[in-house]
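Computed from a predicted structure; not experimentally measured.
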Amino acid sequence: MNILLTGGAGFIGSNLAKQLLEEGHRVICLDNLDGYYDPDIKWRNVQQSLNELNYHFHEGDIRDAELIDMLFRLYSIDAVVHLAARAGVRPSVQDPALYYDVNVTGTLTVLQAMQRWNVKKMVFASSSSVYGDSPNVPFAETDTADRPLSPYAASKRAAELLCHTFHHLYGFDIFCLRFFTVYGPQQRPEMAISQFTDSILKGRPINVFGDGSTARDYTYVEDIVSGIIQSLDNLKGYEVLNIGGSDPISLANLIKLIEQSIGEQARINRLPMQAGDVQQTYADITKASQLIGYQPAIQIEEGVRRFVEWYRSQLDVCLATH
Ligand SMILES: NC(=O)c1ccc[n+]([C@@H]2O[C@H](COP(=O)([O-])OP(=O)(O)OC[C@H]3O[C@@H](n4cnc5c(N)ncnc54)[C@H](O)[C@@H]3O)[C@@H](O)[C@H]2O)c1
């Protein structure tokens, strides 16, 4: 398949691109390398794929309709995997308009280009944050998800709804995948596991928000990549699917796992809970399992061990090149 991959230079996108190329697909990556975190990291993410014949990188913005038209004209696109977004719950509280613009207007721009070029298949990256602080755990796709707690969560829910409209009006096949906190190699540097690992390895204290009882359903990036590819293989109609590890862990226990993998104890700088944060996330993955055969393979203990190993190797590379 020829796949337009938006946000392909990011954490999940670069892991996905690698796997799609290995499976023989052609990947057309569109990413504006925005400054949410260091664009050099994104350049490094795409290095592994740049030499591949089937990989085409275009730096640009999903809100640029002419550019997207140009990509549809140049390549015979079969499907779109739409990952490009302003990610991150907490910063969205500071700049809701930007999150709305990129995540909602940007998604609409991609959908309209697909309509113009008669490309009708999309996998869209949504988020577990759409469930808000729902007391119904584990979270199931049948929940209303109409109480988002942050502009980020609201923007993802709004984009899911737009996807449904394009399915209804024009017969698009769209799966909206609600990812549950993703971690693994190339993870965004501001995310908790990256931050904790970096600080502990460098002997610095870690900032912990709340008393450590908040729980997250962490999902290893390889499992997310499998969920996306299984969705592409089974894309029919409009579906919302949870893609999570389905095995939540408290923040306090997560820190213990990182400490064990590193072999050092963390010094904790305790801070109040942050606006927009939820108490827990927990994916019911029954639907994804039945519809696309999704099953997470990497448990958190193994995933954290692999992440720390990868992070250490990156630090070694940095030390060797400076
Ligand atoms: N990582 C997670 O835990 C998680 C959880 C739920 C949902 N998601 C969603 O998965 C997707 C990928 O997340 P990630 O963690 O890889 O984030 P990321 O920030 O590493 O990747 C997003 C990419 O999109 C690009 N981008 C941003 N705005 C753009 C624009 N206007 N035009 C073109 N490209 C643009 C960025 O440069 C970046 O490379 C996002 O949609 C995110 O909301 C991620």
What one should report as the nearest heavy-atom pair of Asp173 and Gly237 is OD1-N, 2.7 Å
Hey, what do you get for CD1 (Ile77) to CZ (Arg26), rounding to the nearest 0.5 Å? 8.0 Å
Run the ring-centre check on Phe175 versus His167 and record whether the distance is less than 6.0 Å. no
Can you confirm whether or not the ring centre of Phe57 sits under 6.0 Å from the ring centre of Trp43? yes
Met273 vs Thr214, test: side-chain contact (heavy atoms from CB on, under 4.5 Å). Steps then yes/no. CA-CA 9 Å; Met273 281 271 285; Thr214 53; 3.5 Å; yes
Examine distances only and state if a side-chain atom of Arg270 and a backbone atom of Phe209 form a donor-acceptor pair shorter than 3.5 Å. no
Contact between Asn103 and Leu98 at the side-chain level, heavy atoms closer than 4.5 Å - yes or no? no
Would you confirm whether Asp31, through its side chain, and Leu33, through its main-chain N or O, come within 3.5 Å as a donor-acceptor pair? yes
With a 4.5 Å cut-off on side-chain heavy-atom distances among I, L, V, M, F, W and Y, is there a chain of contacts connecting Tyr218 to Tyr282? no
Answer yes or no: is there a side-chain heavy-atom contact under 4.5 Å between Leu201 and Arg312? yes
Give a yes or no on whether Ile255 and Ile300 share a hydrophobic cluster (residues Ile, Leu, Val, Met, Phe, Trp, Tyr; joining criterion: side-chain heavy atoms under 4.5 Å apart). yes
As a quick check of understanding, evaluate side-chain hydrogen bond (donor to acceptor under 3.5 Å, both in side chains) for Arg178 and Tyr131, giving each step before the final call. CA-CA 10 Å; Arg178 292 177 177 166; Tyr131 290 109; 2.9 Å; yes
Rounded to the nearest 0.5 Å, what separation is found between the CD1 atom of Ile292 and the CG atom of Leu177? 6.5 Å
Checking Glu190 against Tyr36 for the side-chain hydrogen bond (donor to acceptor under 3.5 Å, both in side chains) test, could you report, in this order, the C-alpha distance in whole Å, the side-chain angles of both residues, the deciding distance, and whether it holds? CA-CA 9 Å; Glu190 94 289 4; Tyr36 175 60; 2.7 Å; yes
Please answer whether the main-chain N or O of Tyr152 pairs with a side-chain N or O of Ser92 as donor and acceptor at a distance below 3.5 Å. yes
side-chain hydrogen bond (donor to acceptor under 3.5 Å, both in side chains) between Glu160 and Ser126, worked out: CA-CA 7 Å; Glu160 284 183 352; Ser126 186; 2.6 Å; yes
Check the hydrophobic clustering (I, L, V, M, F, W, Y; side-chain heavy atoms under 4.5 Å; chains of links allowed) and say if Ile285 and Phe180 are grouped together. no
Report, as yes or no, whether the 6.0 Å neighbourhood of atom CG on Leu53 holds more than 12 heavy atoms from other residues, nucleotides or ligands. no
Could you state whether Val278 and Ile193 fall into the same hydrophobic cluster, counting links through intermediate Ile, Leu, Val, Met, Phe, Trp or Tyr residues with side-chain heavy atoms under 4.5 angstrom apart? no
Any donor-acceptor N/O pair, Glu259 side chain to Glu264 backbone, under 3.5 Å: no
Sidechain N-carboxylate O distance under 4.0 Å for Glu309, Arg305: yes
Any non-hydrogen side-chain atom of Phe124 less than 4.5 Å from a side-chain atom of Cys176? yes
With a 4.5 Å cut-off on side-chain heavy-atom distances among I, L, V, M, F, W and Y, is there a chain of contacts connecting Ile228 to Leu21? yes
Run the salt-bridge test on Asp40 and Arg44 with the 4.0 Å N-O cut-off and return the result as yes or no. no
If you apply the rule side-chain contact (heavy atoms from CB on, under 4.5 Å), what do you find for Leu291 with Glu239, and how did you get there? CA-CA 9 Å; Leu291 208 69; Glu239 300 291 348; 3.6 Å; yes
Any donor-acceptor N/O pair, Lys120 side chain to Tyr170 backbone, under 3.5 Å: yes
So, do Gln260 and Val304 sit near enough that their side-chain heavy atoms are less than 4.5 Å apart? no
One should read off an interatomic distance between Ser194 OG and Ile258 CD1, to the nearest 0.5 angstrom, of 9.0 Å
Flag yes if more than 12 heavy atoms outside Phe172 fall under 6.0 Å of its CZ atom; otherwise flag no. yes
Euclidean distance, Ile68 CD1 relative to Leu30 CG, rounded to 0.5 Å: 6.0 Å
Nearest 0.5 angstrom please: Asp101 CG to Leu108 CG, how far? 11.0 Å
Side-chain donor/acceptor of Asp143 to backbone N/O of Ser134, under 3.5 Å: no
For the backbone of Ala9 and the side chain of Asn45, can you confirm whether one donor and one acceptor N or O come within less than 3.5 Å of each other? yes
Which word best sums up how the rings of His58 and Tyr75 line up, parallel for under 30°, tilted for 30 to 60°, or perpendicular for over 60°? perpendicular
pair Gln48-Gln186: side-chain heavy atoms closer than 4.5 Å: yes
Main-chain N/O of Asp78 paired to Asn2 side chain as donor or acceptor, under 3.5 Å: no
Does any N or O in the side chain of Asp217 come within less than 3.5 Å of the main-chain N or O of Asp247, such that one atom is a donor and the other an acceptor? yes
Measuring from Arg188:CZ to Ile41:CD1, what's the distance to the nearest 0.5 Å? 11.5 Å
Can you name the one residue among Phe11, Phe307, Tyr220 that meets ring pair (Phe, Tyr, Trp, His ring centres under 6.0 Å) with Tyr183? Tyr220
Answer yes or no: are there more than 12 heavy-atom neighbours, outside Glu66 itself, under 6.0 Å from its atom CD? no
Under 6.0 Å between ring centres, would you say that holds for His164 and Tyr238? yes
Flag the pair Thr165 / Leu161 as yes when at least one side-chain heavy-atom distance between them is below 4.5 Å, and no otherwise. no
Contact check, side chains of Asn269 and Val208, non-hydrogen atoms, under 4.5 Å: no
For the backbone of Val221 and the side chain of Asn15, can you confirm whether one donor and one acceptor N or O come within less than 3.5 Å of each other? no
Find out whether Val104 and Tyr99 are in side-chain contact, i.e. whether some heavy atom of one side chain is under 4.5 Å from a heavy atom of the other. no
